[in-house]
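One structure below.
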Amino acid sequence: MTRSRHGLRRRLLVTLIGVGLVSVVLISAVIFLFARVLIDDGVEGQLVSVRDTRVQALEAGLEHIQSQTSALAANRDVVDALTDLSREFGQLDDDAGSDEIAGLAMIYETEVLPTFVAAGVDLPAADLVPASPAGRYVQQRYIAENPNGLDDRDQLDDAGDGSGYSAAHAEHHPLLRRLLDTTTLSDLMLVDADTGDVVYTTKKRIDLGTNGFDGPYTTDVDGAKAGLGSVLDRLSTVAVGEAVLSDSVFYVPTAGQPVFFLAAAVRSGSDVIGAVVTEVPVSGGTDLMTAGQDWELLGLGDTGEAYVVGPDRTLPYEGGGELRSDSRLWLEDPEEYLRLHMERYGDQAAADLIETVGSPVLLQQVDNPAVTAALDGEEFAGTVTNYLGKETLAVSAPLRAGGLDWAVIVELDKSESDAALDSLLRRILVVLAILLPAIAVTGVLLARVLTRPADSLVRSAAAIA
């Protein structure tokens, strides 16, 4: 009878402890699964919110610079400046000698081309010299003989050569310089409608005096219209008062720094006399996408970032596109970015070019389902492997503004998005570590209490027997 009593207690003990343990584990598992869904939905919702605000910010920013360019084209002072400068530019016929041409080429080689030489790009300086005598003349007077440094050449109002062009320049340049300073644009060019000559630039870079129709800065490496050439080529396709926008390009006069262009037709009465072309560095787009690199304001934590991808195929990696705004890691830790880039792609030439240019824009390939979906005009949310090989939770959406075909991507490392879930899992394990022994002790006590009445029954049965 004692053996039966102990067997009953043992079975009851096992049953109580087993039911308690299974119940606690099941409840913990259900809580964990629900928490995982809620946390993933919360993180995804946060990323979608950031994505939508960045799309809106970028659309508003592009619209703003287009309106600035259109306003410049309609400005009466700009119309007068283009009229006078085009007329006087056409009167310049002082062909430069071989020494002056060689001097211009030397300036290009020392100020502009070192970036390309370091990148292994063969770009003969002689091919960049303006084709027209007038173009070489203004470059000689306002670049080669300019007493100011590279970044201050716009401070020269009058070259002092007594030409009608310099008189017109002295009259209009101070006002045009002030107009540019009131905008977010980085340069202002005036292009003659009949000849395509760039008769004026505010910053006095080596695009001054070149031709906007067929000059050295109007096409890409494949000969297709790009940058300056593309915006001038598209002007005839838009309504009066509208500005057109180019995609980002590497631009030789800015020492290879990526820029994009805007252009608007300038009219005198009903006649188109030329165009205003403005230039914007891609850093402006980066500032819009990152809210001035204020990651905390965007709610992107320690690893989140927002960036733009365009559909080009300029590198040997197939598919996807290239960055149109800077990577967060590049902005915060260029050495770590280059290390991860080499680790993933093994392309030393591309890494060297990124370091030389000072930006991964147009050089960093991005190819994953988030990019593909957005470039195809669809939204995306899910887990992807990003351009540096890290697993991220990413959301994306297309950007269709100003004739551009871009993808806006917002992502967060899975390690950070799962941090809250990992913390919850650790807490659940701590709770289980406390509850399971407590359940075992409680089961032992309950087994004893519940089997105590059976002891009397067993003794009575034994007496009767």
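- By the 6.0 Å contact criterion, CE on M106 is open, its count of non-hydrogen atoms from other residues, nucleotides or ligands being 12 or less.
- At distances below 3.5 Å, not a single donor-acceptor pair connects side-chain atoms of R51 with backbone N or O atoms of A397.
- Within the model, atoms CD of E322 and CG of D247 stand 10.0 Å from one another, a figure rounded to the nearest 0.5 Å.
- In this structure, Q293 CD and D326 CG are separated by 8.0 Å, a value rounded to the nearest 0.5 Å.
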For residues 381-394, which side-chain N or O atoms pair as donor and acceptor with protein atoms under 3.5 Å away, sequence neighbours left out?
{"unit_1": "N386", "atom_1": "OD1", "unit_2": "L388", "atom_2": "N", "d": "3.0"}
{"unit_1": "N386", "atom_1": "OD1", "unit_2": "G389", "atom_2": "N", "d": "3.2"}
{"unit_1": "N386", "atom_1": "OD1", "unit_2": "K390", "atom_2": "N", "d": "2.9"}
{"unit_1": "N386", "atom_1": "ND2", "unit_2": "E411", "atom_2": "OE2", "d": "3.1"}
{"unit_1": "Y387", "atom_1": "OH", "unit_2": "E305", "atom_2": "OE1", "d": "3.2"}
{"unit_1": "Y387", "atom_1": "OH", "unit_2": "E305", "atom_2": "OE2", "d": "2.6"}
{"unit_1": "Y387", "atom_1": "OH", "unit_2": "S327", "atom_2": "OG", "d": "2.8"}
{"unit_1": "T392", "atom_1": "OG1", "unit_2": "E411", "atom_2": "OE1", "d": "3.3"}

query = Taking it one step at a time, do L128 and T210 satisfy side-chain contact (heavy atoms from CB on, under 4.5 Å)?
reply = CA-CA 8 Å; L128 305 179; T210 61; over 6 Å; no
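- Taking the side-chain contact (heavy atoms from CB on, under 4.5 Å) definition, one finds that A73 meets it with A264, V266, V276, sequence neighbours left out.
- Closest approach of S325 to V361, counting heavy atoms only: C-CG2, 3.6 Å.
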request  = Any chance you could lay out the side-chain contact (heavy atoms from CB on, under 4.5 Å) test for V138 and R141, step after step, and finish with the verdict?
outcome  = CA-CA 5 Å; V138 295; R141 301 302 180 271; 5.9 Å; no
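- Side-chain contact between T218 and N211: absent, with no pair of heavy atoms (C-beta onward) separated by less than 4.5 Å.
- Put simply, CE on M189 and CG on L82 are 14.0 Å apart, with the number rounded to the nearest 0.5 Å.
- In this structure, a donor-acceptor pair under 3.5 Å is present between the side chains of E145 and Q140.
- Counting all heavy atoms, side chain and backbone alike, D154 lies closest to H173 at O-NE2, 2.5 Å.
- The shortest heavy-atom contact between S396 and A374 is OG-CB, 3.8 Å.
- The aromatic rings of Y345 and H341 are tilted relative to each other, their planes meeting at an angle between 30° and 60°.
- Within a 6.0 Å radius of CD in E63, other residues, nucleotides and ligands contribute 12 heavy atoms or fewer.
- Residue pairs satisfying the salt bridge (charged side-chain N to carboxylate O under 4.0 Å, His left out) criterion with at least one member in residues 206-217, sequence neighbours excluded, are absent.
- For the pair E335 and R339, the salt-bridge criterion is not met [side-chain N within less than 4.0 Å of a carboxylate O].
- Electrostatic pairing of R178 and D181 does not count as a salt bridge here, judged by no charged N lying under 4.0 Å from a carboxylate O.
- Y217 is listed as a side-chain neighbour of I206, based on a closest heavy-atom distance under 4.5 Å.
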ask   = Given D352 and Q348, is the side chain to side chain donor-acceptor pair (under 3.5 Å) satisfied, shown in steps?
value = CA-CA 6 Å; D352 290 345; Q348 187 64 56; 2.8 Å; yes
ask   = Given the rule in the salt bridge (Lys or Arg N to Asp or Glu O under 4.0 Å) test, do E336 and R328 qualify, once you have shown the distances and angles that lead to the verdict?
value = CA-CA 11 Å; E336 178 64 7; R328 176 177 181 174; over 6 Å; no
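- The cationic group of R87 does not satisfy the cation-pi geometry with F89, failing either the under 6.0 Å distance to the six-membered ring centre or the 45° limit from the ring axis.
- Two residues are said to be in side-chain contact when any heavy atoms from C-beta on lie closer than 4.5 Å; L47 and L412 meet this criterion.
- Under the 4.5 Å side-chain criterion, counting only non-hydrogen atoms from C-beta, L262 is in contact with Q66.
- In the model, D192 has a side-chain atom that pairs as donor or acceptor with a side-chain atom of T195 under 3.5 Å.
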request  = Determine, step by step, whether Y337 and E355 satisfy the side chain to side chain donor-acceptor pair (under 3.5 Å) criterion, reporting the C-alpha distance in whole Å, the side-chain angles of both residues, the deciding distance to 0.1 Å, and the verdict.
outcome  = CA-CA 10 Å; Y337 170 88; E355 187 173 17; over 6 Å; no
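- You'll find the side chain of W406 stays beyond 4.5 Å of the side chain of L375, heavy atoms only.
- Judged purely by distance below 3.5 Å, without hydrogens or angles, the side chains of D161 and Y137 pair a donor atom with an acceptor atom.
- What you find for L179 and T183 is that their closest heavy atoms are O-CG2, 3.4 Å.
- Atom OG1 in T237 sits 8.5 Å away from atom CG in D233 (nearest 0.5 Å).
- A donor-acceptor contact closer than 3.5 angstrom is absent between the side chains of H172 and D77.
- Judged by distance alone, the side chains of S166 and S163 do bring a donor and an acceptor atom under 3.5 Å apart.
- Inter-residue side-chain proximity for I354 and L338 is flagged as met; some heavy-atom pair is nearer than 4.5 Å.
- Using modelled atom types, one finds a donor on one side chain and an acceptor on the other under 3.5 Å when comparing Y200 with T202.
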inquiry  = Is there a side chain to side chain donor-acceptor pair (under 3.5 Å) between Y251 and E279? Walk through the geometry before answering.
reply    = CA-CA 10 Å; Y251 195 50; E279 177 188 306; 5.0 Å; no
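- Inter-residue side-chain proximity for V277 and L232 is flagged as met; some heavy-atom pair is nearer than 4.5 Å.
- In terms of heavy atoms, W295 sits closest to L331 at CZ2-CD1, 4.4 Å.
- Salt-bridge check for D151 with K203: failed, with every basic side-chain N at 4.0 Å or more from each acidic carboxylate O.
- For E88, the CD atom is densely surrounded, since the number of other residues' heavy atoms within 6.0 Å is greater than 12.
- Residues satisfying the side-chain contact (heavy atoms from CB on, under 4.5 Å) test with A226, not counting sequence neighbours, are D220, V249.
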message = What verdict does the side-chain contact (heavy atoms from CB on, under 4.5 Å) test give for V366 and I409, after you've listed the backbone C-alpha separation in whole Å, the side-chain angles of each residue and the deciding distance to 0.1 Å?
response = CA-CA 10 Å; V366 189; I409 316 294; 5.8 Å; no
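- Among residue pairs with one or both ends in residues 267-278, those qualifying as side-chain hydrogen bond (donor to acceptor under 3.5 Å, both in side chains) are T69-T278; sequence neighbours excluded.
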ask   = For L150 and R153, what are the C-alpha separation, side-chain angles and deciding distance, and is it a side-chain contact (heavy atoms from CB on, under 4.5 Å)?
value = CA-CA 6 Å; L150 176 63; R153 283 181 179 150; 3.4 Å; yes
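- Legend: residues meeting side-chain contact (heavy atoms from CB on, under 4.5 Å) with A401, ordered by chain and number and at least two apart, are E59, L62, L399.
- Inter-residue side-chain proximity for L329 and L340 is flagged as met; some heavy-atom pair is nearer than 4.5 Å.
- Counting all heavy atoms, side chain and backbone alike, G256 lies closest to V357 at O-CG1, 3.9 Å.
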